[in-house]
Amino acid sequence: MSRRLWVGLGLLAATSVFGATVKQDESLEAGKQAFEASDYTKAIRLLQSTAAAEPGNAEVHLWLARAYYELQEHDAAVNSAEKAVKIDPDNSRYHEWLGRAYGQKAEHSGWFSAMGFAKKTRKEFETAVHLDGKNFAARQALVEYDCSAPGIVGGGEDKARPEITEIAVLDAAEGHYAAGNCRRQKKDFAAADEEFTQALNSHPQSPELIYDIGDYALKRNQAERMLDVADVGEQVDPADPRGKFYRAAGLILKKEHQDEAERQLRDYLKKAPTRSSYPRPAMAHIWLGRLYEEQGKPDKAAGEYETALKLDPKNKQAQEQLKRLRKN
């Protein structure tokens with residue numbers, strides 16, 4: 001065979017491999033884009049195709065785990081996260097998400113199985129922290145576990161205290177948040193309030209941290225804190241729509257700037273993904289219902305509560321608000 005033909009065949013082979021790699025990369029990116037658009041079923045289909053072509057790609061299995069997690073397909077989430085860890089056991093993020101998948105599985109299992117999955121949850125969070133001490137998401141998950149889980153499954157506030165101290169040394173805002181989250185788990189809300197205030201005043205950089213404090217404030221009807229959360233969150237990431245939700249809820253509680261509150265909630269519904277770390281669309285409709293009630297518009301309020309129930313048929317808050325409104 002001539003040298004020219006050898007070269008030609010070599011180039012053809014290289015081109016084929018390159019083309020396959022590009023397609024796989026494109027499929028992975030397309031899967032991520034579908035995930036970001038909250039189309040988790042499409043994301044799974046695209047990612048499964050990439051996983052079949054490239055079974056040793058741990059990142060693909062991570063994104064599959066995250067998509068299954070959002071759909072609450074617990075076994076599939078665990079399976080995919082386990083594959084990611086098996087491929088790359090030294091990756092902190094993979095262990096973190098395996099811990100989250102185990103935790104979700106524990107919450108939906110019988111008590112005996114739940115105990116086993118709970119212990120696995122803590123082990124994975126601990127491994128994630130060991131591999132990367134600056135993985136604050138894993139550190140916070142570990143603290144929350146230890147402050148909320150009983151000793152029989154490896155939890156205990158005595159374990160959380162040194163963890164919180166270590167976090168505070170690395171980042172003041174993360175440290176105050178960790179301390180506040182622990183007090184929240186123990187229902188010591190006065191201490192939690194103080195720690196969360198200091199966390200917001202310590203220039204936090206994590207939107208997840210900021211908006212989890214927003215969720216805490218929402219449940220405790222703390223209007224001023226919700227407005228603070230919106231201010232801090234929008235400074236960190238102006239594109240994150242969660243600030244709109246918490247600002248609107250704060251304004252509605254304060255009975256101020258009602259037109260602005262309505263606009264913010266409508267904006268949130270247009271821009272926010274349907275994701276476990278974001279207020280659900282049903283909640284935005286419930287707050288719109290509360291706003292319309294304040295404005296003396298019961299028919300519009302009822303429409304919002306009905307929409308909330310279509311989106312989340314088991315939402316007790318929407319059920320109670322609609323029942324009360326119809327009774328009156």
Neighbour count above 12 (heavy atom, 6.0 Å) for [X] [atom1]:
| X | atom1 | value |
| --- | --- | --- |
| K42 | NZ | no |
| K134 | NZ | no |
| H130 | NE2 | no |
| K123 | NZ | no |

Q | Donor-acceptor side-chain pairing of N135 and E96 below 3.5 angstrom | A | yes
Do [X] and [Y] share a hydrophobic cluster, counting only Ile, Leu, Val, Met, Phe, Trp and Tyr and linking them when any side-chain heavy atoms are less than 4.5 Å apart?
| X | Y | value |
| --- | --- | --- |
| Y246 | L253 | yes |
| L291 | L322 | yes |
| F189 | L200 | yes |

Q) Do Y305 and Q319 pass the side chain to side chain donor-acceptor pair (under 3.5 Å) test, and can you show the C-alpha distance, the side-chain angles, and the key distance before you say yes or no? A) CA-CA 8 Å; Y305 297 142; Q319 290 171 354; over 6 Å; no
**Q.** Residue that, paired with D212, satisfies salt bridge (charged side-chain N to carboxylate O under 4.0 Å, His left out) out of K219, R242, R184
**A.** R184
(Q) Is the shortest side-chain heavy-atom distance between Q317 and M283 below 4.5 Å? (A) yes
Q) Are any of the side-chain heavy atoms of D240 and Y211 separated by less than 4.5 Å? A) yes
Q) Does the distance from a Lys or Arg side-chain N to an Asp or Glu carboxylate O, for D132 and R93, drop under 4.0 Å? A) no
